[in-house]
Amino acid sequence: MRNVFAVARKDLVVEWRARLLLVRVLPFALLVLVLFAVALDSEALLERAAAGLVWLAAMFAALLVVQRCYDIETADGALDMLLTSVVEPSRVFFGKLLAVVGQLLVLVVVLVGGAVVLYGVRVDAAGLVLLVTTVVTAVIGLASVGTLYGAVVAQLTGRDSLLPLLAMPVLAPLLIGASRATEAAFGSRTIDLATGWAWTALLAVFAVVFTAAGAASFATLTEPDA
Amino acid sequence: MNLPDESSDSVIQLRDVVVAPAGFPALAGATLEVRAGELVALRGANGAGKTTLLRLCAGLAPLARGAASVLGVDLSRDRAAVRRSVGFVGHRNGLYGELTARENVAFVGALVNATRSEVDAVLEEFGLGGRVADTRAVALSAGQRRRTALASLAVRRARLWLLDEPHSALDADSRQQLERVFIQATAAGVTVVYTTHERSSNSQPMPRTITMDAGRVVQDHA
Amino acid sequence: MSDTTPTPHGAALLGAGTARRSLGTATPATRIIGLLTLATMTWVVVSAFFITSPDVVQGDSVRIMYAHVPAAWVAYLAFVTTAIASGISVVRRHRTLGFDRVAGASAEVGVLFMGLALVTGSLWGRLTWGTFWQWDPRLTTTLFLFITYVGYLAVRRIDASPERRAKRSAVLALLAVLEIPLVHFSVVLWRSLHQEASVLNPDGDVRLDGLMLFTLFSGVVAFTLGFVWLVIHRQRLQALVDLQGTVGLDSAIAARATEAVLR
């Protein structure tokens with residue numbers, strides 16, 4: 001466990017000093033929200049689509065966070081050092097996952113705030129409980145897929161364009177589930193709260209499956225070989 | 001530094017090793033033996049196979065042919081075990097630029113459960129005490145960065161250091177400091193193998209000098 | 001089906017000094033598979049276009065089925081093959097690029113057939129449903145599987161060491177096994193929440209008589225044989241390319257030895 005926290009803490013300190021989340025990722029995510037509004041050009045449509053747009057923007061921005069989380073390792077060849085210093089590579093995975101989860105939570109909270117301000121969605125008390133549950137489970141799922149596929153493409157040439165191609169199809173169930181559950185939390189007319197809670201169950205399964213998969217395959221993915 | 005005593009004397013044993021990443025035999029039948037506590041300089045022209053030899057010993061390059069064991073572990077069996085007990089510093093130092101020298105070393109320390117005072121002692125020993133310790137790695141001089149990387153090896157108690165051109169880009173002062181670090185390390189029982197492409201050195205003490213050419217060891221001066 | 005057996009090419013790769021006859025990717029077994037593929041395929045084409053009767057409801061458009069269903073079957077067969085071969089290559093990680101080659105070959109052929117299945121399915125959908133695309137769970141899952149394997153092939157094309165490529169792509173293929181059921185399940189849930197205009201279910205609506213069923217079955221057999229034939233050849237071609245590396249190593253080591261002596 002200490003290794004896990006050491007890795008997570010290191011990633012967050014590096015991120016805090018560079019402030020990339022603050023100066024690049026968050027502005028980008030909010031920009032996407034604004035551009036959706038411009039593209040859809042209808043307030044009724046926006047309110048209806050708000051949940052999906054929030055998660056779509058979160059997905060795009062999450063890829064930047066993941067990219068960055070491996071770039072700090074490869075910039076000066078630190079990944080090899082890191083992997084030779086720990087006995088169990090899966091701890092490095094959990095550490096990086098934890099750091100990504102932390103950053104994505106900030107990101108999604110900002111995006112939901114953006115949807116309230118820009119798209120005029122409203123959340124009541126019952127919806128808020130569902131919303132918080134949805135955000136936490138979906139962020140863990142998003143972070144686990146991101147951290148896992150980030151490791152798949154780490155140190156490969158052309159990884160910037162590979163990561164979206166590989167990770168986006170995998171994230172489809174998460175996008176569907178998180179959007180529907182959030183829609184319910186936003187007080188949609190088509191989805192009731194009970195259905196929204198059913199979707200969080202899918203999100204939880206998704207998070208567990210890909211966290212386990214990441215922990216199991218991280219050693220194979222990061223083994224130096226040439 | 002508190003390093004475990006290496007009782008089996010031979011640290012590196014290579015017999016007719018071939019390493020051929022992407023089909024080119026960068027090592028084409030090299031044979032070499034290094035004993036515990038030795039200071040070894042690998043010399044040779046570019047492409048002679050020095051770096052590949054280090055990477056092989058570090059468990060980073062796969063063995064194509066021949067027999068190789070490092071710290072008593074057969075490289076064709078368990079490269080992961082070798083990687084954990086060996087310290088390799090390549091052209092890149094493996095530091096996080098946003099972290100200070102102390103934070104970099106302390107991070108490695110945290111991974112191997114080293115105490116705070118151990119980290120501080122190592123920093124002091126490597127000439128990284130005081131203000132230097134709290135300077136971010138990007139702002140350190142080349143020599144300080146190199147020593148920070150070596151301090152990380154010391155804090156995780158690597159018994160064999162494999163260093164790829166550690167002297168490059170260092171001024172005379174930094175080189176001297178680096179050599180002092182080597183002396184301390186070898187005195188504590190660490191084996192240090194480094195590459196260099198300089199012809200002669202006035203290092204004290206003189207390292208055992210091994211010359212490589214075309215993927216083989218061609219000369220060995222103790 | 002043209003004969004793409006790369007015998008002369010393979011021989012050229014290995015250079016002189018190695019017997020030429022052993023270097024093709026064809027063996028008596030693959031020749032038999034190839035001939036069987038040709039024979040069954042010919043029968044399917046003839047029967048699908050000229051012998052079987054048009055469907056009562058769909059008319060002649062039902063004939064797309066004879067290509068569509070076998071293509072989809074082979075596509076899924078290919079991905080199961082890739083997953084199994086990848087699993088073996090991860091478990092037996094030492095010196096077994098053989099399973100990695102099978103995985104790669106099977107994925108390449110699989111993507112081809114999945115593309116074929118999607119295109120024929122889309123055309124058939126236009127004729128029977130009046131639309132090229134329906135967000136039906138099976139279709140959507142197939143599309144995601146297709147995109148996933150396009151990504152898999154993109155990773156395989158990256159210039160990395162064969163070991164690294166093998167490891168990364170094997171993990172990807174195994175992750176797809178986790179991904180696809182989740183995608184399918186979530187799309188089923190998603191679509192069940194919406195009231196859809198009732199669409200014709202092509203499989204349910206077509207009344208298949210004995211000859212139609214037999215033709216369809218023959219199509220599945222023909223496509224499967226074609227798949228096996230293609231994968232064996234593709235896999236052997238890759239093996240020859242890899243072998244070239246090993247054969248080259250001996251001469252390269254010798255060359256380096258003379259290089260040292262001459263200096």
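A note on names: the letters A, B, ... follow the listed sequences, proteins ahead of strands, and every chain is numbered from 1. None of these values were measured; they are calculated from a predicted model.
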task: Not counting sequence neighbours, which residues clear ring pair (Phe, Tyr, Trp, His ring centres under 6.0 Å) with B/Phe88? List them please.
output: none

query: For chain A, which of B/Val19, B/Val112, B/Asn93 has the most heavy-atom pairs under 4.5 Å?
result: B/Asn93

message: Tell me every residue that passes ring pair (Phe, Tyr, Trp, His ring centres under 6.0 Å) with A/Phe93, counting only those two or more places apart in sequence or in another chain.
response: A/Phe218

task: Please look at A/Val92 and chain B and tell me whether the side chain, the backbone, both or neither of the residue comes under 4.5 angstrom of a heavy atom of that chain.
output: neither

task: Pick one of side chain, backbone, both or neither for A/Arg17, based on which atoms fall under 4.5 Å of a heavy atom in chain B.
output: both

task: Decide yes or no on side-chain hydrogen bond (donor to acceptor under 3.5 Å, both in side chains) for B/Asp171 and B/Ser174, but give the supporting numbers first.
output: CA-CA 5 Å; B/Asp171 58 28; B/Ser174 301; 2.8 Å; yes

Heavy-atom contact with chain B under 4.5 Å, split by part of A/Ala18: both

field: A/Arg24 atom CZ, over 12 foreign heavy atoms within 6.0 Å
entry: no

query: A/Glu73 and A/Lys10: salt bridge (charged side-chain N to carboxylate O under 4.0 Å, His left out), yes or no, with the steps?
result: CA-CA 11 Å; A/Glu73 300 294 345; A/Lys10 181 266 299 173; 2.4 Å; yes

Heavy-atom contact with chain A under 4.5 Å, split by part of B/Asn104: neither

Contact class of B/Arg84 relative to chain A, heavy atoms under 4.5 angstrom: both

